[in-house]
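Report on the following structure.
Ligands are counted one by one from 1 in listed order, and the atoms in each one are counted from 1 as well. Please read all numbers here as calculations on a predicted model, not as lab measurements.
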Amino acid sequence: MKFGGTSVADAERLKRAARRIVAAREEGKNVVAVLSARGKTTDELVSLAQEMSDNPDPREMDMLLSTGERISCALCAMAINDLGHRAISLTGSQAGIVTDTSHTKARILDVRADRIRTALDEGLIVLVAGFQGVSTSQDVTTLGRGGSDTTAVALAAAVEADVCEIYTDVTGVFSADPRIVPDARKLDVVSFEEMLEMASSGAKVLQLRSVEYARNHGVRIHCRSSFEDAPGTFVVGEQETMEHALITAVAHSTDEARLSLVGVPDEPGAAAKIFTALADANCNVDMIIQNEPLELGRKAEVSFTVPRDDVRAAQTALQPIVAELGIDSIDTLPEMGKVSIVGAGMKSHPGVAAKVFQVLAEERINIEMISTSPIKISCVIAAAEVPTAVRALHSAFELGADGIVAEAPIGEQAR
Ligand code: ASP
Ligand code: MG
């Protein structure tokens, strides 16, 4: 059971989480619970660091950030003990979560869950501080924003849990952000592949890495509300998803930036140099477009998108490459967004891309970049146009409460 920041924001909510954990224990289940930092604690810790330094040391940053989830766990353990059960809180390190050494975005390498197993065998409820681990050089690390989801999935895999329940402030995964689309539908089941595309397209319900981890280790996720009992959304293997909707959801993000390198020499190795520099600076490049010059000797243009937070780092990383390759300029468009439609059913249905472009054209929205996967179509557009685009696509593909179009079951003829 994993409880997010809003579900443990204050004493009352922590006690509610404690009761929920105890209720599961009283049903006879062994419970490992992962807690996030309370409310906006992590943001506040980031601000504290910024008051101290413009460029805080990443190792110290992790020492600082990891405290938020420890507070939640210790407090929750106290509440559980008062409810007549025995709980033990553990840091990520004590829980055996071993990561690489890349501070503030560490990756889990191994989970040595012996201590958790022993505690469960003794009848204890185990609380683990989310979002953190210990590196191979014995330093505290954190797993990137939203990382408690990944902690939960990794522990679920390690203890071979029946299910990894993610308790949050929404009732599940929706066909679009309900704040933008009032008739967005709660989805009962989503496949790992669809959820991966949605998370990488801006859906914030689950951290992208947690979904990757769940897919790789076959961990069933149940994403549900901590404020009500109704089931939420199951994220499971494709073989378990019963009906294949043509389109499952519209995802969006409003914090993209586009960088264009103008006048890039058209020679082997140019792209390799550019994107190696960006990778070394840990910039998460999303879409890439390169246009090949028509005339011999002319220069090319290379454009790509990064999260807006990475713009400074990208520009800095590219300075030496601009000089080395004699690139004319870097143009930055900081206010970009992205809309994506995701659905396993589109694999076998032509014409989905054409319809997406038509819908955006009717809204007079200009598409700057396009990328596709077998189950996703993404368009980069101006950030300000994202809400209009999301609403238009959601209604054009009839994703609202009554509009779901299911495909015939596998083996029967498609619609
Ligand atoms: N507290 C961390 C964050 O705010 C990790 C998490 O909540 O998942 O990003
Ligand atoms: Mg979260």
Q | Electrostatic pair Lys273:Glu324 at N-O distance under 4.0 angstrom | A | yes
**Q.** Any side-chain donor near an acceptor of the partner, Thr388 and Glu363, under 3.5 Å
**A.** no
Q: Within a distance under 4.0 Å of any heavy atom of Glu69, pick out the atoms of ligand 1 and give their elements.
A: 1 (N), 2 (C), 5 (C)
Q) Using the benzene-type ring in the case of Trp, are the ring centres of Phe304 and Phe275 under 6.0 Å apart? A) yes
Q: Determine, considering heavy atoms only, which of Arg145, Gln207, Lys40 sits nearest to atom 9 (O) of ligand 1.
A: Arg145
Q. What residues form a salt bridge (charged side-chain N to carboxylate O under 4.0 Å, His left out) with Asp310, not counting sequence neighbours?
A. none
Q. Are Asp62 and Arg59 within salt-bridge range, i.e. N to O under 4.0 Å?
A. no
Q.
List ligand 1 atoms under 4.0 Å from Ser148, heavy atoms only on the residue side.
A. 5 (C), 6 (C), 7 (O), 8 (O)
Q) How far is atom 7 (O) of ligand 1 from its nearest protein heavy atom, and which residue and atom is that? A) Ser36 OG, 3.0 Å
Q | ligand 1 contact by Gly146, heavy-atom criterion under 4.0 angstrom | A | yes
Q) Taking 4.0 angstrom as the limit, do Arg220 and Glu240 come out as a salt bridge? A) yes
**Q.** Heavy-atom gap Gly130 to ligand 1 smaller than 4.0 Å
**A.** no
Q) Which heavy atom of the protein is the closest neighbour of atom 2 (C) of ligand 1, given with residue, atom name and distance? A) Thr42 OG1, 3.5 Å
